[in-house]
Amino acid sequence: MRAVLVGPPGAGKGTQAQILASELSIPKVSTGDIFRANVSGGTELGKRAKSYMDRGDLVPDEVTNEMVRARLGEPDAREGFLLDGFPRNVAQAETLDGMLKEMGTGLDAVLELKVDEDEVVKRLSGRRSCRECGRVYHLDYDPPAKEGVCDACGGELYQRDDDREDVIRHRLQVYREQTEPLVAFYEEQGVLVTIEAIGEVTEVTGRALSALGTGS
Ligand code: AP5
């Protein structure tokens, strides 16, 4: 399956992408995760991306598109993938269409996660992420067993620089202006499916698998 997750910051895209990718045996390709790994590794790409990310703006398309092209060209993505955080505007979506056409394929589904903005702010302000393995927690909804320590790998948990309330508000504005138009774009292509992303994580996963036509 070749699928895309779309939804506002904090909708639970990363949380669901991790579970769905494992359920569907396809790699999760998260542009946010790739950028963050480059920032912490101090690479040229990371240096270019950091100021945009800290402000909550989109990294320029030419940088992002080339990064995705390289990732989708890797052997593990040949038979399918789940994109999380890409595309994020209509120009990126058109580029993705072109890349898939070159590969002789197309998207099977675009899954939209719907959550209201107050919930998003609550989710993002309580989020903590593992520096080592990237697992995501929430201080109230999904706390680690030991404060500040990842249950999965023992790594240190940290708060993302772009999870400050002023940056969260800006990211939401960027979402409304640049990313939300993708909903109509993919509806027109006949690949859009939408689910409510509220409730327990496992309930949302169940809705997602049914919407993708892969649930029991
Ligand atoms: P990115 O990392 O993609 O950030 P985002 O889209 O803003 O999404 P988030 O990671 O904030 O949220 P999420 O939906 O994954 O939620 P999560 O599962 O963590 O991008 C970061 C930056 O990179 C961008 O601002 C931009 O600068 C750059 N970038 C990335 N892609 C780009 C692109 N294509 N083009 C240009 N620039 C790009 O969940 C959030 C919290 O909620 C967690 O604490 C979680 O535990 C909790 N939670 C999850 N599900 C539930 C639930 N059902 N109930 C209660 N809590 C829940």
Side-chain angles (χ1 to χ4, degrees), residues 4-21 28-39 45-46 48-69 71-72 82-93 95-96 111-130 134-144 150-151 157-164 167-180 182 195-208:
V4 166
L5 284 182
V6 174
K13 300 181 299 297
T15 302
Q16 292 300 328
Q18 182 99 14
I19 304 169
L20 293 172
K28 159 184 108 122
V29 176
S30 159
T31 42
D33 286 352
I34 302 174
F35 281 133
R36 278 184 291 279
N38 277 278
V39 170
L45 176 64
R48 260 192 101 179
K50 187 172 185 332
S51 59
Y52 296 96
M53 296 175 78
D54 286 350
R55 287 196 303 273
D57 284 325
L58 297 186
V59 177
D61 287 351
E62 67 274 15
V63 177
T64 309
N65 289 340
E66 280 322 298
M67 183 176 90
V68 171
R69 184 186 296 279
R71 178 64 188 88
L72 294 188
L82 181 58
L83 277 164
D84 158 24
F86 182 92
R88 241 176 162 99
N89 57 32
V90 170
Q92 291 183 5
T95 301
L96 177 63
L111 179 65
E112 182 197 10
L113 301 185
K114 269 191 111 82
V115 185
D116 70 48
E117 291 202 359
D118 288 341
E119 175 67 12
V120 155
V121 174
K122 266 190 238 157
R123 287 186 184 183
L124 292 182
S125 38
R127 171 165 59 188
R128 296 293 180 273
S129 311
C130 176
R135 214 205 117 164
V136 172
Y137 296 83
H138 190 280
L139 294 182
D140 302 317
Y141 303 137
D142 181 20
C150 178
D151 294 347
L157 302 187
Y158 78 106
Q159 182 168 28
R160 274 170 45 175
D161 290 341
D162 60 351
D163 278 350
R164 295 197 329 258
V167 184
I168 293 171
R169 296 277 172 204
H170 183 65
R171 286 161 63 203
L172 283 167
Q173 188 190 345
V174 169
Y175 178 78
R176 280 193 299 270
E177 291 173 2
Q178 301 193 46
T179 309
E180 218 163 47
L182 289 180
I195 60 165
E196 294 293 332
I198 44 168
E200 295 289 323
V201 168
T202 49
E203 285 169 5
V204 178
T205 305
R207 272 177 232 143

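One-based numbering, in listed order, for ligands and for the atoms of each.
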Discussion item. Between Lys28 and Asp33, does any side-chain N to carboxylate O distance fall below 4.0 Å?
Written reply: yes
Discussion item. Below the 3.5 angstrom mark, is there an N/O of Leu58, backbone or side chain, next to an N/O of ligand 1?
Written reply: no
Discussion item. Given 3.5 Å as the limit, does a donor-acceptor pair link the side chain of Arg48 with the main chain of Leu45, or not?
Written reply: no
Discussion item. Regarding ligand 1, does Ala11 bring an N or O atom to under 3.5 Å of one of the ligand's N or O atoms?
Written reply: yes
Item to complete: Taking salt bridge (charged side-chain N to carboxylate O under 4.0 Å, His left out) as the test, write out the residues that go with Asp151, two or more places apart.
Response: none
Worksheet item: Taking all atoms of both residues into account, what is the closest heavy-atom pair of Phe35 and Ala49, and its distance?
Response: CD2-CB, 3.7 Å
Worksheet item: Hey, is Gly199 one of the residues with a heavy atom under 4.0 angstrom from ligand 1?
Response: yes
Fill in: Protein heavy atom at shortest distance from atom 16 (O) of ligand 1
Gly12 N, 3.3 Å
Worksheet entry | Protein contact of atom 3 (O) of ligand 1 - nearest heavy atom, named by residue and atom, plus distance | Arg88 NH1, 3.1 Å
Discussion item. With a heavy-atom distance limit of 4.0 Å, tell me whether Tyr137 approaches ligand 1 through its side chain, its backbone, both, or neither.
Written reply: backbone
Worksheet item: Taking N or O atoms only and a 3.5 Å limit, does Glu200 qualify as a polar contact for ligand 1?
Response: no
Practice prompt. Could you tell me whether Glu119 and ligand 1 have an N or O pair separated by under 3.5 Å?
Written response: no
List the atom pairs, donor and acceptor, that lie under 3.5 Å between side-chain atoms in residues 199-206 and the rest of the protein, sequence neighbours left out.
from	atom 1	to	atom 2	distance (Å)
Glu203	OE1	Glu200	N	3.3
Thr205	OG1	Gln16	OE1	2.7
Thr205	OG1	Val201	O	3.0

Discussion item. Counting only heavy atoms closer than 4.0 Å, does ligand 1 sit against the backbone of Gln16, its side chain, both, or neither?
Written reply: neither
Worksheet item: Is there at least one pair of N or O atoms, one from Asp84 and one from ligand 1, spaced under 3.5 Å apart?
Response: no
Discussion item. Check whether Asp142 reaches the backbone of His138 with its side chain - one donor and one acceptor, N or O, closer than 3.5 Å.
Written reply: no
Item to complete: Could you say whether the N/O atoms of Arg160 and ligand 1 ever approach to under 3.5 Å?
Response: yes
Discussion item. Please identify which of these residues, Met67, Gln92, Arg71, meets the side chain to side chain contact (heavy atoms under 4.5 Å, CB included) condition with Thr31.
Written reply: Met67
Worksheet item: Quick one: nearest non-hydrogen protein atom to atom 22 (C) of ligand 1, plus distance?
Response: Met53 CE, 4.0 Å
Worksheet item: Does Gly10 reach ligand 1 with a nitrogen or oxygen that is under 3.5 Å from one of the ligand's nitrogen or oxygen atoms?
Response: yes
Item to complete: Flag Val59 as yes when one of its N or O atoms lies below 3.5 Å from any N or O atom of ligand 1, and as no otherwise.
Response: yes
Discussion item. On the six-membered ring of Tyr52, is Arg55 placed so that its NZ or CZ lies under 6.0 angstrom from the centre and within 45° of the ring axis?
Written reply: yes
Worksheet item: Going by distance only, is there an N or O of Tyr141 that falls short of 3.5 Å from an N or O of ligand 1?
Response: no
Discussion item. Does the Lys NZ or Arg CZ of Arg171 fall within the cation-pi geometry relative to Tyr175 - under 6.0 Å from the ring centre and within 45° of the axis?
Written reply: no
Worksheet item: Mind checking whether Asp142 has an N or O less than 3.5 Å away from an N or O of ligand 1?
Response: no
Worksheet item: Hey, looking at atom 19 (O) of ligand 1, which of Lys122, Arg171, Arg127, Arg55 has the closest heavy atom?
Response: Arg127
Discussion item. Please work out, at 4.0 Å between heavy atoms, whether the side chain, the backbone, both, or neither of Val174 comes within that distance of ligand 1.
Written reply: neither
Practice prompt. Measure the distance from atom 31 (N) of ligand 1 to every protein heavy atom, then report the residue, atom name and distance (to 0.1 Å) of the closest one.
Written response: Thr31 OG1, 2.7 Å
